[in-house]
Structure formats: C-alpha cells, structure tokens
Engineer: 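Take this structure, written in structure tokens, and hold onto it; I'll ask about it next.
In what follows, chains carry the letters A, B, and so on, assigned in the order in which the sequence lines appear, proteins first and then strands, with residues in each chain numbered from 1. Heavy-atom basis, side chains included; hydrogens, waters and symmetry copies ignored.
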Amino acid sequence: MAITYLEAIREAQAKLLADDPRVFIYGQDVGNFGGAFKATKGLAKEFPGRVLDSPISEDAQVGLAIGAAIEGMRPIIEMQFADFSTCGLNQIINHAATMFWRTNTKCPITVRLPCGGTAGGGPFHSQSMEALYAHYPGLIVLNPATVEDAYSMLIAAVHIDDPVVFCEHKYLYYHLKADALPTEALPIGKARVARPGRDATIVTYSAMLHEALACAEELAKDGWQIEVVDLRSVKPLDTDTILGSVARTGRLLVVGEAFPWGGVTAEVVARVATEGFSLLDAPPMRLNAKDTPVPYHPNLWGTHRPTARAIIGAMRELLHA
Amino acid sequence: MAITYLEAIREAQAKLLADDPRVFIYGQDVGNFGGAFKATKGLAKEFPGRVLDSPISEDAQVGLAIGAAIEGMRPIIEMQFADFSTCGLNQIINHAATMFWRTNTKCPITVRLPCGGTAGGGPFHSQSMEALYAHYPGLIVLNPATVEDAYSMLIAAVHIDDPVVFCEHKYLYYHLKADALPTEALPIGKARVARPGRDATIVTYSAMLHEALACAEELAKDGWQIEVVDLRSVKPLDTDTILGSVARTGRLLVVGEAFPWGGVTAEVVARVATEGFSLLDAPPMRLNAKDTPVPYHPNLWGTHRPTARAIIGAMRELLHA
Amino acid sequence: MLQTSDVTSVKPQTDGRRERYLAAFRWMLLARVFEEKLASLYRGGKVIGGVFLSKGQEALSAALGVALRKGDIYAPLIRDSAGRFAFGESLLDAARTCIGSRLGPMRGREGNIHRGKPREGYYAMISHLGVMVSTVSGGLVARRFKGVRDVVGATCIGDGGTSTGSFHEGLNMAAVEKLPLVVVVANNQYAYSTPTSQQFACADLVDRAIGYGVRGHKIDGTDPQACFDVVGEAVARARAGEGPQMVVADLLRLVGHGEHDDAHYVNHALKVSPIGRDCLEVARAQITAAAWMNAMQIDSLRDQLQAEVESAFATALREPLPDPNLEDWRALSTEALAEGRA
Amino acid sequence: MLQTSDVTSVKPQTDGRRERYLAAFRWMLLARVFEEKLASLYRGGKVIGGVFLSKGQEALSAALGVALRKGDIYAPLIRDSAGRFAFGESLLDAARTCIGSRLGPMRGREGNIHRGKPREGYYAMISHLGVMVSTVSGGLVARRFKGVRDVVGATCIGDGGTSTGSFHEGLNMAAVEKLPLVVVVANNQYAYSTPTSQQFACADLVDRAIGYGVRGHKIDGTDPQACFDVVGEAVARARAGEGPQMVVADLLRLVGHGEHDDAHYVNHALKVSPIGRDCLEVARAQITAAAWMNAMQIDSLRDQLQAEVESAFATALREPLPDPNLEDWRALSTEALAEGRA
Ligand SMILES: Cc1ncc(C[n+]2csc(CCOP(=O)(O)OP(=O)(O)O)c2C)c(N)n1
Ligand SMILES: Cc1ncc(C[n+]2csc(CCOP(=O)(O)OP(=O)(O)O)c2C)c(N)n1
Ligand SMILES: [Mg+2]
Ligand SMILES: [Mg+2]
C-alpha cells in the first residue's frame, strides 16, 4: 500500500495525537475540513476537541501556541501556506525562539509550513522561507525530502523541547510515494547521503533533492558518479556530513529552491569554504531560484526554480572545472 | 562644526523634504517629538503636515507608504527600532518588494531601520535585520557606516525608484562625527575600500567597519597591512570590489554583527568562494555575533558581538594560515 | 461618539435609480457569465492554478464598482469580478490574466484574482488578507498631499479577513487620518471552510465600526437594490469628507472557496434560508417587477455578454504564453541596481 | 449581542473591602518607592539601558495583581511594578533584573521590564506590543485541555498597544474561544509622545469591546477604589466563565515614557485636570477618610517599604554581574541540536 508524503504528515500527526495528550493542532481550516491540503484529514473527528480551526490570525496562532507550550502542551500550528507565516513571523523569531534563552522555559511548538513551488502557485503560494527562520537563534528548521522523513521528522519535531519550523514541500505532497511508513530514522540534525558517488557532491534539500537525484541518474549514463547529500535539517546544519562528502569528491554544487541572496546555499558554501577549503579541487558552485518573486505561469516557474536540467548544466561545468 | 551620524540622517531628511514635495515621513513619534532618537527633530515644524505620527501599526505604516508610492509620493517610514519591523515585514517583502515585478508600477518607499546593538539594548532593541530583507527579491538594502554615507545614501535611497531598507546603526548615532556633510558620494551599489592594505582583506559594513578599522590599526603596529572594505549596501552586493581586494591580498575575513546562520557573511564568503576561488591563498573566515538573542547586559553584549579584539584574534589566525 | 444606532438603514435615492440599477446589473451578469466560462475552462484543464468565483456576491461587488468613479482607488479582493468590470477592467485583461497570456497586464507573472493596474487606481491585491486596507489609505494620503478632493478609496474584504492584524491596523489608521476610505466586508458566512462562529464572537461584524470611530452600514447582500443604495451612500459619505465607512453585507458564497472545493461543509439551513438567495435571481425579479426589462430582454443581454466573454477568452487563448527567454528576470525597476543572480 | 449599555459601571463589593484595599495600597506604595529608587539609581548611572516607570498607574496595576490568584496567568507590561509585586514577584528579583545581576531570573540576558517566570504563570513580555494577548490565551487553552477550572489569564496593554495587529488578533481569538481572559488597557493618554488623537478615532477605547463580543468595563484609573472594584469584577466574571473581559482605565502617565524623557509634550490641561491626579494621593485620601489608616501609619508603612527596597537593591548591587565566560551561549534547550557558532 503506497503512502504519499502528504499522508505521511497526516499519519505522523495522528500518531502524535494518539500517543501524547499534550499534542493539539491549531490552524485555519484544519478541523472538520482537514486542512487546505488535507494534512489533518479526519483528525478532528478521531481526536475530538484537539484539532481546532483558528481565525485568519497567524500572529495569534503562534502566540497561542507559545502560551500553550509554556504550560506544557505540544502544539502544532499549521500555516495554510508558508508564505502567510510572514504574518506570524514576529511571534516565531522574537517570542518562541527567545523564550528558553530569556526565561529558561521550554517552548516546544511546531510550526508546519507548506512551502515551495508548484505549477500555477505564483508569488504568494510558492515561497521557501527556511532562510528567514534559520537566521534567527533559537529555532530548529527541518526540511524533509522523503516520505519517510516527512513522517519521522514530524514526530521528532514535536518531541523536541524547542520551537521547530517544519518546512514540508507542497510539490512533494502528492508526487512522492513510499511503500510504508518508516520504523526508524536518522536523528534530527544528521544529513543523509542519498546517493553515493565520487566525482562531485550535490548538497541539497527538500524538493530539490529529487531534481538532484535525477541529475545524478542522468550523468551516470556518461559514467559520472555524483554523490547527493540531503540536508534534512538546515538548522542545525550537518557540516560534518557535508565535509565528509566533499572530502570524497573534491567538488561541490549546492542547490536550493529559495531566492539567491543568502540562504542555505550561501551558508553551506561558506561553511565548506571556511572549514573545508583544502578539500575542494574546484571552486564550489551554487544554484538557486532567480532573484524575482516566484512566477505564476509554469512556463516561467520552470525556469525560475532550479530543475534537473539546470542542475545537469551546472554539474557539467563543475566536473570540467 | 562637527556633525554626527544621527544629525546627518536628520539633515538628509530635511534636504529631501525641502527639495522634493513628494517626500513625507511617517512613523511613531516622528512628528513634534522628533522621533525616539531625534532623527526627525524639528522637521514637523519646518515642514508642516509632512512629518506625521503614526499609530503603533508597523504593518499599516508600510502599507500606507506603498499606497502613497503607487500614487507617486516618496514616503520615508521610520521604524522606532529595526526589531519592530518584523511587524511590518510582510508588507515590505511581499507587497512593496513585489510591486514592480508584478504590476510594472514603481514603489519608491524608504524604510528606515535604527538597527544594531548598543549597551543595554537587549534582545528586542539591538537586531541587525539586513539578512531577512536582502534575501527577498525586489529590495535594496543599505547599510551606511559613516556620517557621509548616512547622509548621501539616505538622499540617494529616497531617489531610487524601488523600495529601500535603510539600516542605520544606533551605535553610530552619537559615536560617529564628521566635519561636514559630503557634497559628493559613491553611487549606491558600490563598496568602498575604507583602508588599503595588501596582507589580508576584511569585508564588513555598518558599525563593524569601525571595529575592523581598529583591528587594522592595531595590526599595523606589527607591520601588517590590512585592507578594509566597507560594503555600504548589502543588496546589491558589490562583488567586483570584494574580489578586487581579495585579488590583492589573497586572504579574506568577513565580519558582521548579525546572527551567524546565513546573512551577509555567508553571502560574501560564498561569492568569493564561487567566483574568486583561485584568488584565495588561505581559507576565508567569517566572524558574526553569537547564535543567541542579543544579551542585555554589556558584559555579555561585548562578547556576543564581534569587537576589534575578536577581529584581531581572527585576523592573526588568518594571517598565519 | 458614534453609537450603533448610527448604523445606516437603507435610505433609497430615487433619481437615476433605474439607470444605476441596470448598469450594475449588467456588470453582475457579465461577472456571472465570465465566471461560468472560467469554471468550464478550469474543468477542461485550460486554467492553471486556482479559480475563485463570486457566485452570490455579484450585487455587492457591482454596487461598489458602480459607486466609484474614474480617479478613485479600488482594491478588490477574491470575489469581485463584477466590481472589477464596473470599475473599468477590460474583459480581455481579465481573461488574459486567468489564462496566463503574455499580453495581459500581469504577463503570466501573476494569475487569477491577483491582477490590477495600480497606476489607474485599480490596485492589485497580494494574497495576504487585510493589507490592502492600509495600502488604499496610503493612496488616499497621497491624494490629500496633492490636494485632490472628491476622491474615494475602497477595498473589499471577507468575514475571515477581518481577523487579520492588517485589517485592524489599516482601518484604525484610516480613521485617525479621517480618510475617504470605504471598506466593504462581504460576510459570506465562511472563510474557506471556517464558519463565522470560529472567526469572531461579536453579534455582527458591523459592531466593529464603532470601535474604530467609523460609520457602520449594514446590508442584506442578497438584495441588489439594498446593495446599490447602501454602498452608494457609504461612498457618497466618504466622498463628502465624513471619513471612513465600513459596510457589512450578509450573504452566502454559493460556490466553493475555489473551484477545487465542493463546499460540502456549508450548512444546508443557510442555503435554504433567505441568505442563500442568488442575488442575480433577486435582481431579475426586481427588474421585471419594476418593468425595467422583461425576461426576454434579460436573456438577450445575457446572450450578448456571453458572446463578449467567449470572444475575450478566444482571443486570450490564442495569445502567446509567457516565455522565460523574453523575461528580464529582474525584480527592481532600477536596472543598474539589479543583481539578477541565480 | 452586547450593547454599550452592558459596559459595567462600578458595582462596589463590600465584604473584605478594607483588607483588599489596604493590601493593594501596600503594593502601590511599594511600586512607587521601588521606582523612585530605581530612578535615582538610573540618574546615578547604576542602571544600564532604559528605565520605565508607572507613576500614576499604580492603582490600576495593583488592582489586577490583587485580583489574580496563584495559579492564574499574568502577563504585565511596561508600567506594572505594582501588579508584579502583588502577583508575587519578589522585590529582590525585580531589583536584580534592573541591575543586571547574574543571580536574577533573567541572568543579565534581559533587563528592566522584560522579566518574568513563565512556569509560575508570570509571563515575561517581549517588547513587541500586543503579542501577549494571544500568548496568555494560549496558556488558558492549555489549562482548558488539562481540565483546570477557575483560572484567569490577564494581560496589560497601553492605549498605543491597542493599535497593533497582535492585540486585535489575540483578543478576537480569545473571544472566539471564550477564554477567561482579562485585558486591562491603561489609557494613559500618550503612547510615548503620541496623543490618543493620533492613535485612535473612537470616542472611547472601551467601544472596541463590543466589536469583539467581549464585555467592556470602564474606570477612572486615578480612583483606586474604582480600580479595585471594577478590575476585581472583571476578573471574577472571567473566572465565572463569562469569557474575555476588557477593562479600559483613563489616567495619565505622570512621568516620561522612560526616565530619559522629560515628557514636555504632555498637555498641561490634562495635568491639572482630574485625570492628572496621582492615584497614590487619592488612595491616601480615601484611606484616611475611611479611617483605615492615619497619615502617620501610612508614612511608617512607606518607611518600612523603603527599607525593604533599599535592602533589595543593596543585595542586588553586591551580587555578581553576568560573566560571558560562564555563559553557554546557547539559545536552544536541546544541547545536542545547538550549533553555537560565531
Ligand atoms: C494572511 C492570510 N492568511 C491566510 C490566507 C489563506 N486564505 C486565502 S482565502 C482564505 C479565506 C478567506 O475568507 P474570507 O476572508 O471570509 O473571504 P471569502 O473567501 O469568504 O470571500 C484564506 C484563509 C491568506 N490569503 N492570507
Ligand atoms: C510593535 C511595537 N512597535 C513599537 C514599539 C516601541 N514602543 C515601545 S513602548 C511604545 C509606546 C507604548 O505606548 P502605550 O501602548 O500607550 O503604553 P504606555 O507606554 O503609554 O504605557 C512604543 C511605540 C513596540 N514596543 N512594539
Ligand atoms: Mg468569507
Ligand atoms: Mg499610553
């Protein structure tokens, strides 16, 4: 029985609600409706009173979660789209993220952000916001790229005693399927070598993992062995695994779907350059989305975001550098 | 007659109001009171009806500026502290920044952010937020480090047809003095070699420029010639000037006052690593604030942020690498 | 101090009434025909992304569109096809945007409801609900600076949108500045699937007006005549310098949140209650009762509008789609400052 | 539907009145003495950063502090020394925080008003105004999940803070969830330098209550007895399950926004009007008029409190300051996930 990335997120929440009375879900349309993407489908019925519809008030949604967390609950906040989390960002980065450091009080909230681009999504339903959250101290930012990680990392996220921004990719919701839910998982904070190789390393995360794997597959036809590292969490960032891979291959391409200034690709390249300079046999490379809002029409969107084809282009350059 | 960084900002606004009827200022307590830091002192009286007190509504303040800009005005929004701009961030990054690209309509707003740490400021009155704004397409992010730049870059900012986030550093408000206001200036987007050298390059901006210069001064006593590059604007980022300096020195340290994950230091190191790899004689280095909120007490604050002493420590490492 | 008793009750204006009504009706009908065509194209896979329709809200939407004039500012929301057309949007531009034509005002960069021509006073919404309240206010501040009088700025919002901080900050600010702003709240009983009972706890959203110090107006949004009269009065009061006006109309969204949504969650009792009336049917009845048009004339108007809609979509569908190679991939208007990196 | 007429007028409770009054008076006086000392230390350069005082607001602040019980949730704001003490904050912790002592609850990481002990129901404000409304609501939701009854959550805000989107979203949400929340608005006529005329346009902030569907209460904030009665009633109503309560008190900030501010902008007419009364003077008069204490007893109480304050600051000033080398420089509680890079 195949299970999708989206179903995995639903199942993780079902398990969390079943196993832990401290867990509840609060978000727009998450109740009887089951959420804009159906990530909470059936949960309101299965767990009466624990899956609550909120008004359209992202700031208050996060504020409510913070208060509940102070009192020992484990709230999950669903943002309808990651893009709307800008309206709750202040509570996330200034309130939740500073709570433990300021007051020695744990603030275990999980904010689920349906993020990333899909065809026809446009500028306000396509954003990847990990760079904003990862910049601020006190947050953990997770970016599952597989069905298994979507499931196990969401469960882990809610168990973590700190605020977690859980970036789930909308493009993967239906596209990605696995045979079964995982029974074990890598710990949070560990990256994973998704495909071993020896000629070059692609470091990436979330939906871009699959573009990178397609690139590696394609280049394998020419005899190239490309190693692909799936970051899984962008904060903390598993520098050791990245450096380990670069030590093996000597060549690095970092791929992200977010905007080009700053962000994950800059942080990864900067860490490798500062901590693993001598491992590099060629200049490292970055591939990001373009420096404009995310376009609505698929004709444009397909060029705005990195695709397997674009990654192949960059990789050929890197392999010959 | 000495003029401070703060006075330069006031003078720039006085000149803008005098020269251009499209300019007005909107912000909390900017009217008769002259602003929390007195950056608009006397302007409400000098320019009746054009310097308006707003309610405590950062989102609406920016929204108002956007509407006025659509209609051809040149609004300046003062945030009382950069830290509170999180409450107006959505309007800045999703509305102002996307306006031209979406609708072909110019959105010339300037948002002034009194940013950076001062003794006793604490977590919510000390932040450097350039990384958040620079990540989003459609914004220009300026960071003047000198009295002259505070003046000329603010005037330039308001003349720019695009939304500008103007990061003025509170620590420099009173600490920094110049003899006179400048009559000419480097164009926006150009970095400046603030001190020439040949042994290593420090790339930095805003208040950290002065810590970097102090470091260079100190190391000069040992015969080291440290080149210091003042970015002036972090978006656009003047990669050419940075690469030019690294080409001369072969060694790079990037210093910022913001949090360590991502941000300006990552972007600069990533650009040099990707575009100027062969220019580097040693691994590049970064120095940021620590990965916690900004502490209140000066004893802690002095360690949280990079200081000349910390920069000297890093530089000695770099010079011997 | 404004008291709830100041809430306007319908005060019909009688001169030119027939003309105004029929003009508005035409936009209502055009919106309905346009949206039906759009829905069928969506079902046929010709529209990418979301399609959000306004069935049941055309009277309210048109009421605002016809009350505004050229030179006013208008920031419509999700369910405002009628108002957009009434304010002067061309059918072709609407079709182009929904189809993604490169020649449309949004050039395929944005789609569906996220369209506008800001420099013509027709502001383009961003998705984040509530933000247009302060933005329109800013446009009005600009007009004030320029000494322009007799201007009105209007924006639309749903019951759900009133819960946003942006709505609150914007309306409060407009009240402080005494701007000629009209905020039209379409209380269509749901925000996506969320019923008003989970959205607010006041007895009536119009009760909020007093807390902002603005005049509140209440309408049965299914009654076109009431919509035209009350929205018209609110716009007139704003124009006359009486400060912000807040209009709250009760009605029901007669379709899903978007065309992907079957709206199974809508309470059946609401559907069969007066609030579930289709304003277009009511308009038809009001028009024929007043003998302003007969059924045949209405049908033939509908046919004519249908032909215009078909022709607009036929044109839009033949137009070139956006081409990544023709894009400059630049978010800044200042070319010299753009980085353009990927 | 709540009408403005539901706004509570003072309904004095008479049993235990003297005890309640004198208890509250003690906290008022302690706050005043504490803050005077703090101001003098600030002038002497012993306090780093801002100092924000509550002169003129002690009665309102104390009223809430004494109305709450252990087990309730309390999120005070800038001008709540009295309420903080009444809720149970130790004088030493207050002094330590202002001085930056390493041994205080904030360990020198935060200073002045940004203090609290969340796990004891005493939430620590962040600077961004308005956010505590939803946060306290969240605490109340947690209590509801746990089946805890008879609990109240309260937070304080200023006239300026009501303009924030956070305030709106939080209060609306609390109303939807019918939480036992009390929001006390100190309308002290200014937000920093901004007069209420530039902050809101409603005749009275209490008019907002109806728009949220919550009960509004209005008080003369310079009248201690009125404060104790009305705030007490609001808390009792919330505790009894009547849902959120909004209390608006009119008063005047008798000091600058902070001690750096000479408040020259404050309208003289307000200062000499009844709203400019010092609630502590009024309390003194009310107490002596009721013959609950005489002037000498009050003076000696003041002396006693003064001694306590001196001793608290003397201790705090002798304590070690924060030491960067003793810090773990870690924002996460989960050590294994912290990066700790600089
Ligand atoms: C700030 C924000 N949060 C969430 C959304 C997602 N969203 C889009 S439409 C909608 C429902 C809007 O309901 P309402 O305001 O009542 O308007 P209606 O759709 O009923 O016309 C939501 C939640 C949004 N657009 N903006
Ligand atoms: C969101 C936000 N914007 C700006 C500020 C800066 N600020 C701190 S206190 C203050 C004035 C507050 O006025 P009011 O709410 O009336 O409280 P009062 O100081 O009068 O007690 C301002 C503007 C802030 N703390 N939060
Ligand atoms: Mg609705
Ligand atoms: Mg105030």
Engineer: Heavy-atom distance under 4.5 Å to chain D: side chain of Leu237(A), backbone, both or neither?
Structural biologist: both
Engineer: Is Pro55(A) in contact with chain D via its backbone, its side chain, both, or neither, using a 4.5 Å heavy-atom distance?
Structural biologist: side chain
Engineer: Under a 4.5 Å heavy-atom cut-off, does chain A meet the side chain of Asp328(D), its backbone, both or neither?
Structural biologist: neither
Engineer: What's the spacing between Asp162(A) CG and Leu332(D) CG if we round to 0.5 Å?
Structural biologist: 4.5 Å
Engineer: Quick one: closest heavy-atom pair of Ala142(D) and Glu71(A), and the distance?
Structural biologist: CB-CB, 3.4 Å
Engineer: Which bit of Pro118(D) comes within less than 4.5 Å of chain A, counting heavy atoms only: side chain, backbone, both or neither?
Structural biologist: both
Engineer: Looking at chain A, which one of Arg143(D), Met125(D), Met132(D), Arg330(D) has the largest number of heavy-atom pairs inside 4.5 Å, strictly under?
Structural biologist: Arg143(D)
Engineer: Between NE2 of His95(A) and OG of Ser166(D), what distance do you get to the nearest 0.5 Å?
Structural biologist: 10.5 Å
Engineer: If you count heavy-atom pairs under 4.5 Å with chain D, which of Gly138(A), Pro108(A), Pro187(A) comes out on top?
Structural biologist: Gly138(A)
Engineer: What distance do Ser137(D) atom OG and Leu64(A) atom CG have between them, rounded to the nearest 0.5 Å?
Structural biologist: 6.5 Å
Engineer: Contact part of Val131(D) toward chain A, heavy-atom cut-off under 4.5 Å: side chain, backbone, both or neither?
Structural biologist: both
Engineer: Residues two or more places apart in sequence or in another chain: which of them pass salt bridge (Lys or Arg N to Asp or Glu O under 4.0 Å) with Asp240(A)?
Structural biologist: none
Engineer: Below 4.5 Å, heavy atoms only, C-beta onward: do Tyr26(A) and Met173(D) meet side chain to side chain?
Structural biologist: yes
Engineer: Is it the backbone or the side chain of Arg22(A) that comes under 4.5 Å from a heavy atom of chain D, or both, or neither?
Structural biologist: neither
Engineer: Which residues pass the side chain to side chain donor-acceptor pair (under 3.5 Å) test with Arg271(A), not counting sequence neighbours?
Structural biologist: Thr239(A), Glu267(A), Glu339(D)
Engineer: For the NZ atom on Lys190(A), are there more than 12 heavy atoms of other groups (residues, nucleotides or ligands in this structure) within a distance under 6.0 Å?
Structural biologist: no
Engineer: Mind ranking Arg107(D), Glu110(D), Lys117(D) by heavy-atom pairs under 4.5 Å with chain A and telling me who comes out on top?
Structural biologist: Arg107(D)
Engineer: Going by atom types alone, do Ser134(D) and Gln91(A) pair a side-chain donor with an acceptor below 3.5 Å?
Structural biologist: yes
Engineer: Rounded to the nearest 0.5 Å, what separation is found between the CG atom of Asn90(A) and the NE2 atom of His128(D)?
Structural biologist: 4.5 Å
Engineer: If I compare all heavy atoms of Leu337(D) with all of Ile160(A), which pair ends up nearest, and what's the gap?
Structural biologist: CD1-CD1, 3.8 Å
Engineer: Quick check on Ile73(D) against chain A: is it the side chain, the backbone, both or neither that has a heavy atom closer than 4.5 Å?
Structural biologist: side chain
Engineer: Nearest heavy-atom pair of Ser333(D) and Asp161(A): which atoms, and what distance?
Structural biologist: OG-CB, 3.4 Å
Engineer: Going from CZ on Arg102(A) to CE on Met106(D), what distance comes out if it is rounded to the nearest 0.5 angstrom?
Structural biologist: 6.0 Å
Engineer: Can you name the closest pair of heavy atoms from Glu169(D) and Ile56(A) and give their distance?
Structural biologist: OE2-O, 4.4 Å
Engineer: Using heavy-atom distances under 4.5 Å, tell me whether Arg115(D) contacts chain A through its side chain, its backbone, both, or neither.
Structural biologist: neither
Engineer: Can you tell me how far apart OG1 (Thr103(A)) and CZ (Arg109(D)) are? Round to the nearest 0.5 Å.
Structural biologist: 10.0 Å
